[in-house]
Novice: 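I'd like to ask some things about the structure below.
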Amino acid sequence: MRYDFKQVEKKWQKYWDDNESFKVEIDRTKPKFYALVEFPYPSGQGLHVGHPRSYTALDIVSRAKRMQGYNVLYPMGWDAFGLPTENFAIKNKIHPKTVTENNIKRFKSQLKALGLSFDWSREINTTDPSYYKWTQWIFLQMFKHGLAYKKEMNVNWCTSCKVVLANEEVVNGKCERCHSDVIHKVKSQWMLKITEYAQRLIDDLDDLDFIDRVKIQQKNWIGRSTGASVRFKTTAGSQLEVYTTRPDTLFGATYMVISPEHPIIEQYSDIIKNIDQVLEYRKTAAAKSDFERTELAKEKTGVRLEGIDGINPVNGKQIPIYISDYVLMSYGTGAIMAVPAHDTRDWEFAKKFDLPIIEVVAGGDVQNQAYTDVETGTMVNSGFLNGLSVDEAKKKIIQYLEEKGCGESKVNYKLRDWVFSRQRYWGEPIPIVYCEKCGYVPLPESELPLMLPDVDSYEPTDNGESPLAAMDSFVNTTCPKCSGPAKRETDTMPQWAGSSWYFLRYMDPHNDKELASKEALEYWSPVDWYNGGMEHTTLHLLYSRFWHKFLYDIGVVPTKEPYAKRTSHGMILGENGEKMSKSRGNVINPDDIIEQYGADTMRLYEMFIGDFEKSAPWNTSSIKGCKRFLERVMSLMDILTEGQGYSKELERSFHITIKKVTEDIEALKFNTALASMMTLINEIYDKNSINKTEFKTFITLLCPFAPHICEELWQLAGFEGDMTYAKWPVYDQNKTKLDQVEIAVQIMGKVKGKLTVPVDADESFVLEAAKSNERISSLLEGKQIVKSIYVKGKLLNLVIR
RNA sequence: GCGGCUGUGGCGGAAUUGGCAGACGCGCUAGACUUAGGAUCUAGUGUCAUUGACGUGGGGGUUCAAGUCCCUUCAGCCGCACCA
């Protein structure tokens, strides 16, 4: 039978739409299953071939789960605020709203052409005021709970986007998006206290079914370290506090270093004799971009603070204090004790400035190289610590510091608070008003959503102000508290705001009283399976876990974690094995593939391309294999007989295939699931007939992968009911087994022959059978069997002498 | 530098987790059908050698048995990076 995919696919896409086949409601008679894929940013380029890999995978899971009796929520929406849209709008003089609408239209039709089983009645859009009302509402709750605060601080500033960037958005000192230089600017910014959740964000990973590399990457990003806080007295009287992970090496501290921004410089500006030189160094450091700062990392620079020294609390020794940009103000206390013998950076600095290097952990050659091994080594030159191991010394020194009141154990995190302001137009307005009298005042919830106004120009400004700042009618307002004159916040939220909670909105997308009803949240939470890209591990995934934990704390959501399971797909590369990009000229347009081969073939190919979790190069000629397979599936109609029940020849193969496909879907092994169906169809053609029962099983197994053709065949074969909710086939473990198996006979580990034996034959039986085999017996002639190893159903290995 | 991952035919990739390496697909070779084929079908396809040997980046080890475990080394990819 001919396979007219164009007609078939159109027909069933229309059928699913007309019947709202995938629409779900709360149904307590069924177990629920919430499958989620990262909603796309509707860019002007349209869908990338990478998108369908993730969407098809969870579509397969969703379709299989529906057939297995689950009430499945598989939603889709648009993460539509963001810079590219705004930049396109500026360039082409179209309102970002219009650009967004057009892009969404295109994306939506592309997704529909793939036959994905989304519940479109739950479609959401982060730029819709009825959506961002609740994004703003969550921000207000954070503000009220002290988690959103405004702070004058040194921020990352992209010189091209003209916008502040979060630490997570700076890559190698460049803007993640446009790769322009990132410089530092002191600006007043809205911040979110993600650091308050650092420990819980680490701890709660333990109970989650996330792939390991996601857990590891999040833990590394949060960067917990344990050490001690130590307060050094100074010759100027006051104290200088440092953080160290190696308090055991305190006797080896021969100098101290403060970061260029450290406030002690202001404090002692009249005591520091070379203050001009110090301020000059600070100025130079500030002028460097992040990129230069890391680029120049090899060569240490610094200036000594003349006229002020630190005093080592364990031995009273006076040690010099330096200012250097290898110490960061944003970590720990912005000051360190330097132990050149046991820290590589301190060692380099000490060599350059000719400072003493005192060995306090034996085992290395500290004049030539810092010795940083903590596993072995004994304390030396360390007074009361001498002879102890590093671990013991740590405990003892902390005890000592606590007794003396000049230090204690301390935990530090690399994670910083989240810079939440953006100086751009196309984002959620921050619902805060500034009043001279009352300070920062939250908008009353009744005034939400605070609508993003139409402005004359949404060009970004060089002075670091949002385009909204130029709009007096928006800016000038009255204080909700005292009714006096006040000014609105004009920065907007970052793109990550709307996506930090969107999975909750899908549960109850049209609710105008709450972000979602208690009932819906209770029923659908948590997301059972969330698939998305590794690139979001330390951005969206971490941010949304943070928001969700906050919402849990204030009693809005019922679970402390949003996602029960997280998996990640590999990238689809260009045919040349490089990352697909316009500049490399290796971009494959999904529209072309669907046009030429059809959506089912496209879906199959994207799953068959390789291990789902690994990246794989696109190969247009390989698609043919999937197309041929579907044509062979269609042609099963030609050999279909009226018989019922599994035939003798195929029964075992069917049970094996059902088992394999069922298990592989759960395990993300879509490639081998398909391979097993290909093997089965090859067997069916060898036999050259298939009956009704077998056919039904086959197309049911294939339906999640290639739904259009299977629906068509379901109808052609005259099967009853809606295929979307057809019963998933079950396998019988006993029927996957053979009565007779072929086992390998090895001599000294090399295969020398094959034997067919009953599946549960014992060793002596097999040994006898082997001996009576002509070839084997000739090899055994004159030899003695020293040992025989028998693995049931697999092999017999004889060790001879 | 730190953390993580990968290395298997001409290509994409399988391998029940220590048990017959190369499933499945692409490509290729030969044949059939055909006015024709970039369609379809059939057979073959790791390498070398006429019986057998060698083969999972290299070297070593454990084991009756290693792609899988251990040590070592090389190559590539990704993430973080002066985090004290």
Side-chain angles (χ1 to χ4, degrees), chain A residues 171-173 212-221 223-225 227 242-246 249 257 259 293-294 296-300 324-328 330-339 342-346 348-349 372 412-416 534-535 537-538 570-571 573 575 577 579 604-605 608-611 613-626 628-629 631-632 635 659-660 663 669 671-682 685 742-754 786-800:
Chain A
V171 176
N172 292 331
D212 278 342
R213 50 194 176 131
V214 168
K215 288 189 183 184
I216 290 165
Q217 215 169 295
Q218 287 206 343
K219 279 185 189 163
N220 287 348
W221 183 261
R224 180 195 154 102
S225 75
V242 303
Y243 171 72
T244 176
T245 54
R246 296 293 304 275
T249 62
V257 188
S259 81
R293 228 164 131 156
T294 47
L296 298 168
K298 294 140 208 154
E299 191 69 355
K300 297 274 182 291
S324 173
D325 64 4
Y326 85 90
V327 172
L328 310 173
S330 49
Y331 185 75
T333 61
I336 62 156
M337 62 177 217
V339 185
H342 305 290
D343 181 282
T344 314
R345 297 150 302 181
D346 297 345
E348 285 167 7
F349 191 87
T372 54
N412 247 316
Y413 302 92
K414 288 188 206 172
L415 186 70
R416 325 253 168 95
M534 279 307 287
E535 70 274 18
T537 302
T538 54
M571 255 193 301
L573 306 170
E575 298 213 57
K579 202 172 158 176
L604 247 50
Y605 177 65
F608 194 61
I609 193 166
D611 185 335
E613 302 196 64
K614 293 195 193 121
S615 51
W618 185 268
N619 184 331
T620 300
S621 71
S622 282
I623 299 172
K624 279 187 222 155
C626 294
R628 278 181 203 150
F629 170 67
E631 272 157 4
R632 278 157 72 81
S635 298
K659 182 173 195 274
K660 182 80 181 147
E663 291 174 353
K669 294 166 85 173
N671 53 339
T672 49
L674 278 167
S676 72
M677 286 188 268
M678 289 173 175
T679 309
L680 180 58
I681 206 170
N682 290 343
Y685 276 105
E742 189 181 65
I743 65 161
V745 181
Q746 299 181 335
I747 291 177
M748 305 299 284
K750 309 254 172 188
V751 180
K752 295 294 176 186
K754 306 265 168 130
V786 183
K787 194 175 175 185
S788 81
I789 299 100
Y790 175 53
V791 183
K792 213 176 232 184
K794 298 262 199 265
L795 56 75
L796 177 73
N797 187 15
L798 302 174
V799 185
I800 59 169

Novice: Could you give the NZ-to-P distance, from Lys792(A) to G18(B), as a whole number of Å?
Specialist: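 After rounding, the gap between these two atoms is 21 Å.
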Novice: Please measure how far the C1' atom in U45(B) lies from the corresponding atom in G10(B), and state the result in whole Å.
Specialist: 11 Å
Novice: Can you tell me, in whole Å, how much space there is between the P of U6(B) and that of G18(B)?
Specialist: 16 Å
Novice: Look at the aromatic rings of Tyr605(A) and Trp618(A) and report parallel, tilted or perpendicular, splitting at 30° and 60°.
Specialist: perpendicular
Novice: For the side chain of Lys794(A) and the base of C20(B), is some donor closer than 3.5 Å to an acceptor across the two?
Specialist: no
Novice: Round to a whole Å and report the spacing from CG of Asp343(A) to P of C2(B).
Specialist: 13 Å
Novice: Closest approach to the side chain of Val751(A), judged atom by atom: which nucleotide of A23(B), C20(B), G25(B) is it?
Specialist: C20(B)
Novice: Taking the six-membered ring of Phe349(A) (Phe, Tyr or Trp), confirm whether the NZ or CZ of Lys300(A) is under 6.0 Å from its centre and within 45° of its axis.
Specialist: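 No cation-pi geometry.
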Novice: Answer with base, sugar-phosphate or nothing: what part of the nucleic acid does Ile609(A) contact at a heavy-atom distance below 4.0 Å?
Specialist: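 Here Ile609(A) touches the backbone only, sparing every base.
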Novice: Using purine N1 to pyrimidine N3 plus N6-O4 or O6-N4 for Watson-Crick, or N1-O2 and O6-N3 for G-U wobble, each under 3.5 Å, what pairs with U45(B)?
Specialist: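 For U45(B), the partner nucleotide comes out as G27(B), under the 3.5 Å rule.
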Novice: Output the rounded distance in Å from CE (Met337(A)) to P (A84(B)).
Specialist: 12 Å
Novice: Taking the C1' atom in each of G52(B) and G4(B), what is the distance between them to the nearest angstrom?
Specialist: 44 Å
Novice: Could you check whether Ser615(A) gets within reach of a base, just the sugar-phosphate, or nothing at all, counting any heavy atom under 4.0 Å?
Specialist: sugar-phosphate
Novice: Touch check for Asp212(A), heavy atoms < 4.0 angstrom, all strands: base, sugar-phosphate only, or nothing?
Specialist: nothing
Novice: Report the distance from atom CD of Gln217(A) to atom OG1 of Thr537(A), rounding to the nearest 0.5 Å.
Specialist: 4.5 Å
Novice: Closest heavy-atom contact between Leu328(A) and Ser259(A)?
Specialist: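 It is C-CB, 3.8 Å.
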Novice: Is there a donor-acceptor pair under 3.5 Å between the side chain of Tyr685(A) and the backbone N or O of Arg632(A)?
Specialist: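 Such a contact is found between Tyr685(A) side chain and Arg632(A) backbone.
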Novice: Would you list the protein and nucleotides 3-8 of chain B atom pairs, both N or O, that sit under 3.5 Å from each other?
Specialist:
{"residue": "G3(B)", "atom": "O2'", "partner": "Asn220(A)", "partner atom": "ND2", "Å": "3.0"}

Novice: Can you list everything that forms a side chain to side chain contact (heavy atoms under 4.5 Å, CB included) with Lys660(A)? Sequence neighbours excluded, please.
Specialist: Asp664(A), Thr672(A), Ser676(A)
Novice: Would you measure the distance from the C1' atom in G22(B) across to the matching atom in U40(B) and give it in whole Å?
Specialist: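 Per the computed distance, 28 Å lies between those C1' atoms.
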Novice: To the nearest 0.5 Å, what is the distance between NZ (Lys750(A)) and CG (Asn797(A))?
Specialist: 11.0 Å
Novice: Which part of the nucleic acid does Val791(A) contact within heavy-atom distance under 4.0 Å: base, sugar-phosphate only, or nothing?
Specialist: base
Novice: Give, for atom OH of Tyr413(A) and atom OG of Ser225(A), the distance between the pair rounded to the nearest 0.5 Å.
Specialist: 9.0 Å
Novice: Provide the Watson-Crick or G-U wobble partner of C33(B), both distances under 3.5 Å; none if there is no partner.
Specialist: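 C33(B) is paired with nothing.
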Novice: Enter syn or anti for the glycosidic conformation of U17(B), syn applying to angles within 90° of 0.
Specialist: syn
Novice: Could you state the atom-to-atom distance from NZ of Lys752(A) to C1' of C20(B) in whole Å?
Specialist: 13 Å
Novice: OP1 or OP2 of C11(B) sitting under 4.0 Å from any side-chain N/O of Ser621(A)?
Specialist: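 So the side-chain polar atoms of Ser621(A) never come under 4.0 Å of the phosphate oxygens OP1 or OP2 of C11(B).
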Novice: Output one line per pair: protein atom, nucleotide atom from nucleotides 41-47 of chain B, and distance, for all N/O pairs under 3.5 Å.
Specialist:
{"residue": "C41(B)", "atom": "OP1", "partner": "Arg632(A)", "partner atom": "NH1", "Å": "3.3"}

Novice: How far does the P atom of A21(B) sit from the matching atom of C28(B), given to the nearest Å?
Specialist: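 Looking at atom P only, A21(B) and C28(B) are 29 Å apart.
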Novice: Under 4.0 Å, heavy atoms only, any strand: does Lys659(A) hit a base, just the sugar-phosphate, or nothing?
Specialist: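 Nothing, no heavy atom under 4.0 Å.
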Novice: Assign each of Lys660(A) and Gly625(A) to its nearest nucleotide of RNA chain B by heavy atoms, then name whichever residue's nucleotide is nearer the 5' end.
Specialist: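 Looking at the nearest nucleotide for each, Lys660(A) comes out on the 5' side.
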Novice: What does Glu742(A) touch in the nucleic acid at a heavy-atom separation under 4.0 angstrom: a base, only the sugar-phosphate, or nothing?
Specialist: base
Novice: Can you tell me the distance, in whole Å, between the CE atom of Met534(A) and the C1' atom of C80(B)?
Specialist: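 To the nearest whole Å, that distance equals 12 Å.
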Novice: Which base, if any, makes a Watson-Crick or G-U wobble pair with U50(B), both distances under 3.5 Å?
Specialist: none
Novice: Choose from G13(B), C82(B), A81(B) the nucleotide whose nearest atom is closest to any side-chain atom of Ala616(A).
Specialist: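 The nucleotide sitting nearest to the side chain is G13(B).
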Novice: Can you tell me how far P of G18(B) sits from CG of Asn797(A), to the nearest Å?
Specialist: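 To the nearest whole Å, that distance equals 18 Å.
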Novice: Just verifying a value: how many Å separate Leu674(A) CG and Ile609(A) CD1, rounded to the nearest 0.5 Å?
Specialist: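 Reported to 0.5 Å precision, the distance equals 12.5 Å.
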Novice: Have a look at Lys750(A) and say if it touches a base, only the backbone sugar-phosphate, or nothing, with a 4.0 Å heavy-atom cut-off.
Specialist: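 Since only primed, P, OP1 and OP2 atoms lie under 4.0 Å of Lys750(A), the category is sugar-phosphate.
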Novice: Could you grab the distance from atom NE2 of His342(A) to atom CZ of Arg246(A), nearest 0.5 Å is fine?
Specialist: 7.0 Å
Novice: Nearest to the side chain of Phe608(A), which nucleotide is it out of A14(B), C20(B), G12(B)?
Specialist: G12(B)
Novice: Roughly how far, to the nearest 0.5 Å, is CE of Met571(A) from CD of Glu535(A)?
Specialist: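 Between atom CD of Glu535(A) and atom CE of Met571(A) there are 8.0 Å.
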Novice: Determine the Euclidean distance between corresponding P atoms of G59(B) and U50(B); express it in Å to zero decimal places.
Specialist: 26 Å
Novice: Taking all non-hydrogen atoms of both residues into account, name the closest pair between Gly793(A) and Ile743(A) and its distance.
Specialist: C-CG2, 3.6 Å
Novice: Counting only Watson-Crick pairs (N1-N3 plus N6-O4 or O6-N4) and G-U wobbles (N1-O2, O6-N3), all under 3.5 Å, who is the partner of U56(B)?
Specialist: none
Novice: Say you pick atom P in A15(B) and the same atom in U8(B); how far apart are they, in whole Å?
Specialist: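 One P to the other, the span is 15 Å.
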Novice: Have a look at G9(B) and give me syn or anti from its glycosidic angle (syn if within 90° of zero).
Specialist: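 What G9(B) shows is a syn base, its glycosidic angle lying within 90° of 0.
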Novice: Any base atoms under 4.0 Å from Asn682(A), or only sugar-phosphate, or nothing? Heavy atoms, all strands.
Specialist: sugar-phosphate
Novice: Which heavy-atom pair separates Val257(A) from Tyr326(A) by the least distance, and what is that distance?
Specialist: CG2-OH, 3.6 Å
Novice: Once you apply the 3.5 Å cut-off to both distances, tell me the Watson-Crick or G-U wobble partner of G22(B), or none.
Specialist: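 For G22(B), the partner nucleotide comes out as none, under the 3.5 Å rule.
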Novice: Figure out the CZ/P separation between Arg224(A) and C2(B), and round it to whole Å.
Specialist: 22 Å
Novice: Rounded to the nearest angstrom, tell me the gap between atom CZ in Arg246(A) and atom P in A84(B).
Specialist: 12 Å
Novice: Let's test this: given Watson-Crick or G-U wobble pairing with both distances under 3.5 Å, identify the partner of U8(B).
Specialist: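 Answer to the pairing question: none, since U8(B) forms no Watson-Crick or G-U pair.
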Novice: Tell me what Asp346(A) touches on the nucleic acid: a base, only sugar-phosphate, or nothing, going by heavy atoms under 4.0 Å.
Specialist: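 Result for Asp346(A) = nothing.
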Novice: Could you identify the nucleotide paired to G1(B), looking across every strand shown and requiring Watson-Crick or G-U wobble geometry with both distances under 3.5 Å?
Specialist: C80(B)
Novice: Taking atom NZ of Lys579(A) as the centre, report whether more than 12 heavy atoms of other residues, nucleotides or ligands fall under 6.0 Å from it.
Specialist: no
Novice: Both Ile743(A) and Lys787(A) contact RNA chain B. Taking the nearest nucleotide for each, which residue is further toward the 5' end?
Specialist: Ile743(A)
Novice: Determine the Euclidean distance between corresponding C1' atoms of C41(B) and C54(B); express it in Å to zero decimal places.
Specialist: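 Looking at atom C1' only, C54(B) and C41(B) are 36 Å apart.
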Novice: If pairing requires Watson-Crick or G-U wobble contacts with both distances under 3.5 Å, which nucleotide is the partner of G67(B)?
Specialist: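 Matched G67(B) with nothing under the 3.5 Å cut-off.
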Novice: Tell me what Ser788(A) touches on the nucleic acid: a base, only sugar-phosphate, or nothing, going by heavy atoms under 4.0 Å.
Specialist: nothing
